[in-house]
Structures are given as structure tokens and as C-alpha cells.
K.L.:
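Let me begin by handing over the structure; questions about it come next.
A quick note: this is a predicted structure, and the numbers were derived from the prediction, not measured. Labels below follow one simple rule: chain letters A, B, ... track the order of the sequence lines, proteins then strands, and each chain is numbered from 1. Only heavy atoms go into these numbers, but all of them, side chains included; no hydrogens, no water, no symmetry mates.
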There are 2 protein chains.
Amino acid sequence: MIASLRKAGYRITPQRLAILKVLAESADHPDVGGIHRKVGRQYPAMSLATVYKTISQLKDLGQVLELEFSGIANRYDGKKPYAHPHVLCECCGKIVDPEVPNTEKFAADLSRATGFRIHSTRLDFFGTCPTCLRKGK
Amino acid sequence: MIASLRKAGYRITPQRLAILKVLAESADHPDVGGIHRKVGRQYPAMSLATVYKTISQLKDLGQVLELEFSGIANRYDGKKPYAHPHVLCECCGKIVDPEVPNTEKFAADLSRATGFRIHSTRLDFFGTCPTCLRKGK
DNA sequence: GTCATTGCAAAGCATTTGCAAGTCG
DNA sequence: CGACTTGCAAATGCTTTGCAATGAC
């Protein structure tokens with residue numbers, strides 16, 4: 001990620017490094033608020049705007065995947081920055097990456113059927129996770 | 001839709017009828033602004049809030065499918081109010097329903113693999129439609 | 001020293017909510 | 001008539017933007 005930013009002409013600031021670190025280490029698909037909170041332990045003056053701006057650059061460079069939601073804050077995946085299915089628990093907000101084969105074939109079939117050129121894919125499933133189910137929904 | 005509202009104890013007002021009419025007749029997955037604009041030809045005083053409230057009720061009754069997007073307004077489908085794949089043109093905003101088989105099987109496999117109980121599904125594809133491609137992207 | 005970046009505050013949008021006035025049943 | 005609805009305005013929550021001060025290279 002650092003190399004990618006440098007190559008694109010962006011400057012490497014301590015704030016950015018801290019944000020990259022959180023993104024690279026988080027397996028839980030955090031939202032901007034969550035990233036800001038974690039980085040804030042080291043940089044209490046960090047602005048939300050800085051997190052948004054840095055993520056936007058990483059997104060443009062293809063280093064981070066943005067999971068868009070309406071109603072709730074977008075979530076970010078710095079570990080697998082390419083389109084893949086997600087399952088979200090509507091009870092606790094947890095997001096997991098299920099094993100699903102042939103997701104690209106899906107898009108290819110679709111492109112053939114509709115004549116669209118497909119740029120990106122969104123395969124999301126919403127439900128209740130095993131932990132929340134056990135707690136009685 | 002009318003019967004469904006009445007059965008649920010909601011009143012049938014002229015404003016609601018006009019909104020239902022637009023939803024039932026629109027094949028282009030309109031957003032709230034678009035619905036409001038169309039209904040406004042007959043009811044210039046119609047409030048956006050009324051459109052939002054009516055759609056929310058229809059959503060609860062399962063009579064309308066809400067397509068959530070972040071960044072752009074949500075779109076609504078009153079013709080096929082159950083989860084199905086969509087392809088959206090990022091250039092002109094057009095949404096089409098492609099033919100894709102076995103989408104329920106997808107969710108079933110996933111439920112087995114993750115232990116989640118799946119409530120709803122989101123299969124969206126983003127790209128450029130043939131018309132916009134022809135116009136040179 | 002330059003120019004990108006930061007942090008703050010204000011603006012922007014889609015959506016929701018509170019409430020007085022109006023109306024369906 | 002009483003309870004549900006309407007329409008307005010204000011509020012909310014996430015995200016973006018403008019701008020002066022700061023800091024990377």
C-alpha cells in the first residue's frame with residue numbers, strides 16, 4: 001500500500017501510515033468511524049476528514065474495497081481489495097467472507113445476457129449470525 | 001397493493017393511490033425524487049415525506065422492493081417486490097433485470113457454509129449499458 | 001521553499017422525525 | 001368525531017468540501 005501511494009505521487013505522512021496500518025490489520029471490515037477511533041488512540045487530533053480522504057485515495061488505487069450500504073456507514077476491506085461476496089449480520093453488524101465459487105462466471109454470463117460492460121459486482125447477503133441466533137435472535 | 005394496505009389497517013388516501021399507481025406502472029426502478037416528481041403533476045403540494053412514509057409501509061408489507069445504494073438515492077421496484085439481481089448503468093442510471101438462474105440456491109449454500117440465517121440477498125452489478133457504450137462511454 | 005496534506009467547520013444529500021392542521025372511515 | 005395522514009420544517013447521520021495553517025520532500 002505504501003509503495004502504491006508513493007508511486008502515485010502521494011506523500012507518506014504519519015497519519016496516513018496509521019490509517020494504512022489499521023486497514024491492513026483489520027479483518028472485521030471496519031467503517032470510517034471505527035478506523036478513526038482506532039487511529040485516535042495514537043493521534044487524538046486526527047480528523048474524520050483525513051480518514052475519508054486517505055481511504056478515497058486507496059480506493060482509487062485499488063488497495064481498498066469499499067462496501068457501500070445505505071442507512072449505515074460504508075465498511076472497508078484492506079485485506080482482500082477485490083470484489084467478493086459478504087454476509088452481514090443485521091443484529092451485531094459482523095461481516096464475514098463466505099466461500100462461494102464461480103462469482104466471476106456470474107458477471108461474465110450477465111455481461112453476455114445484457115450487453116453491459118460490467119465494472120464491479122456486489123454480492124451481499126443479510127441475516128443473523130450464529131452467535132446472535134444463539135442469544136435468541 | 002391497495003388490498004394489502006387496507007388489510008393492514010392503513011387508510012386509502014388520494015396521495016397514496018397516486019404513489020401506488022406510479023410504483024405499479026414504473027418499470028424503471030424510480031427513486032423517491034422521481035416518484036415525487038411524477039405524482040407532483042397531479043398533486044403539486046405533495047410532500048417528499050409522504051412519499052417516504054408510503055413507501056416505507058409498502059416495504060413493510062412486502063409490496064415493494066427497496067434497492068439501497070450509498071451515495072445515490074435508493075431505487076424502488078413495485079413490479080417484482082422480491083430479491084432478484086440488478087444491473088445498473090453508472091453512466092445514465094438505468095437499471096435492468098437480467099436473467100440469472102439459481103439465485104436462491106446461492107443463498108442456501110451460503111447459509112450452510114456460514115451458519116447464518118439469511119433474510120435477504122443483494123446481487124448487483126455495476127457497469128455501462130449498451131446505449132452509453134455506443135455514445136463512447 | 002513548494003505544494004500536498006491536515007484539521008476544523010460548514011455544507012451537502014438522502015432520509016427521518018415532530019407536530020399542527022386536515023381528512024378518511 | 002377520533003385516529004390516522006399530510007405537509008412543512010427541523011433534525012439526523014454519513015460524507016464531502018473550503019480554507020488557513022502545517023509539514024513532507
Side-chain angles (χ1 to χ4, degrees), chain A residues 1-20 22-23 29-37 39-61 64-76 88 93 95, chain B residues 1-20 22-23 29-37 39-61 64-76 88 93 95:
Chain A
M1 286 197 210
I2 297 174
S4 170
L5 278 176
R6 210 189 303 268
K7 199 164 81 178
Y10 294 117
R11 292 180 180 171
I12 309 300
T13 67
Q15 289 95 328
R16 278 191 186 153
L17 278 177
I19 295 170
L20 297 205
V22 170
L23 279 171
H29 310 77
D31 60 17
V32 167
I35 296 167
H36 181 249
R37 226 171 296 120
V39 174
R41 293 205 274 268
Q42 202 180 348
Y43 297 91
M46 161 88 60
S47 162
L48 262 180
T50 299
V51 181
Y52 275 108
K53 286 169 189 166
T54 300
I55 285 183
S56 172
Q57 296 161 350
L58 289 170
K59 217 172 37 178
D60 292 346
L61 297 173
V64 151
L65 177 69
E66 182 177 52
L67 301 176
E68 305 192 357
F69 297 102
S70 138
I72 65 174
N74 292 345
R75 309 273 291 257
Y76 297 90
L88 181 143
I95 293 183
Chain B
M1 286 199 211
I2 298 175
S4 171
L5 278 176
R6 211 189 302 267
K7 199 164 81 179
Y10 294 117
R11 292 183 180 167
I12 309 301
T13 66
Q15 290 94 328
R16 279 191 186 150
L17 277 177
I19 295 169
L20 298 206
V22 170
L23 280 171
H29 310 78
D31 60 17
V32 167
I35 296 167
H36 181 249
R37 226 170 298 119
V39 175
R41 293 205 275 266
Q42 202 181 347
Y43 296 92
M46 162 89 58
S47 163
L48 263 180
T50 299
V51 182
Y52 275 108
K53 286 169 189 166
T54 299
I55 286 183
S56 172
Q57 297 162 348
L58 290 170
K59 217 172 39 180
D60 293 345
L61 297 174
V64 152
L65 177 69
E66 180 177 53
L67 301 176
E68 305 192 358
F69 297 102
S70 139
I72 65 173
N74 293 346
R75 308 273 291 258
Y76 296 89
L88 182 142
I95 293 183

K.L.:
Considering heavy-atom distances to DNA chain C, does B:Tyr10 or A:Lys53 have its closest nucleotide positioned more toward the 5' end?
P.N.:
A:Lys53
K.L.:
Nearest whole angstrom, please: distance from the P of C:dC13 to the CZ of B:Arg75.
P.N.:
18 Å
K.L.:
Is the distance from OP1 or OP2 of C:dA4 to the nearest side-chain N or O of A:Thr13 less than 4.0 Å?
P.N.:
no
K.L.:
Just how far is it from atom CG of B:Leu20 to atom CD1 of B:Ile55, taken to the nearest 0.5 Å?
P.N.:
10.0 Å
K.L.:
With a cut-off of less than 4.0 Å, is there a side-chain N or O of A:Thr50 near OP1 or OP2 of C:dG7?
P.N.:
yes
K.L.:
Would you please confirm or rule out a distance under 4.0 Å between OP1 or OP2 of C:dC24 and any side-chain N or O of B:Arg16?
P.N.:
no
K.L.:
For a quick check of understanding: with a heavy-atom distance under 4.0 Å over all strands, which category does B:Ala49 fall into, base, sugar-phosphate or nothing?
P.N.:
base
K.L.:
Would you give the length of the straight line joining atom OH of A:Tyr52 to atom CD1 of A:Ile35, rounded to the nearest 0.5 angstrom?
P.N.:
9.5 Å
K.L.:
Taking atom P of C:dG18 as reference, at what distance in whole Å does atom CG of B:Leu48 sit?
P.N.:
18 Å
K.L.:
Taking atom P of C:dG25 as reference, at what distance in whole Å does atom CD1 of B:Ile12 sit?
P.N.:
7 Å
K.L.:
Under 4.0 Å between any heavy atoms, over every strand shown, what does A:Pro14 touch: base, sugar-phosphate, or nothing? Just pick one.
P.N.:
sugar-phosphate
K.L.:
Separation of B:Gln57 atom CD from C:dT15 atom C1', in whole Å?
P.N.:
15 Å
K.L.:
Rounded to whole angstrom units, what separation is found between the CG atom of B:Leu17 and the C1' atom of D:dT6?
P.N.:
15 Å
K.L.:
For C:dT6, does either OP1 or OP2 sit under 4.0 Å from a side-chain N or O belonging to A:Arg11?
P.N.:
no
K.L.:
For B:Ala45, report the nucleic acid contact type (base, sugar-phosphate, nothing); a contact means any heavy atom under 4.0 Å.
P.N.:
sugar-phosphate
K.L.:
For A:Leu5 and D:dC25, what is the distance between atoms CG and C1' respectively, to the nearest whole Å?
P.N.:
15 Å
K.L.:
Is it the case that the side chain of B:Arg75 and the backbone of B:Gly93 share a donor-acceptor pair, with hydrogens and angles ignored and the cut-off at 3.5 Å?
P.N.:
yes
K.L.:
When you measure from the side-chain N and O atoms of A:Tyr52 to the phosphate of D:dT16, is any distance below 4.0 Å, counting only OP1 and OP2?
P.N.:
no
K.L.:
Would one find a side-chain N or O of A:Asn74 under 4.0 angstrom from OP1 or OP2 of D:dC14?
P.N.:
no
K.L.:
Would the distance check show the side chain of A:Asp31 and the main-chain N or O of A:Asn74 forming a donor-acceptor pair, the cut-off being under 3.5 Å?
P.N.:
no
K.L.:
Within the 4.0 Å heavy-atom criterion, would you say A:Asp31 contacts the bases, only the backbone, or no part of the nucleic acid?
P.N.:
nothing
K.L.:
Whole Å only: how far is the CD1 atom of B:Ile35 from the P atom of C:dT15?
P.N.:
10 Å
K.L.:
Look at the side chain of B:Arg16 and the backbone N and O of B:Arg11, then say whether any donor-acceptor pair between them is shorter than 3.5 Å.
P.N.:
yes
K.L.:
Whole angstrom is fine here: how far is it from CZ in B:Arg6 over to P in C:dC24?
P.N.:
13 Å
K.L.:
Kindly say if A:Gln15 contacts the phosphate of C:dG7, meaning a side-chain N or O under 4.0 Å from OP1 or OP2.
P.N.:
yes
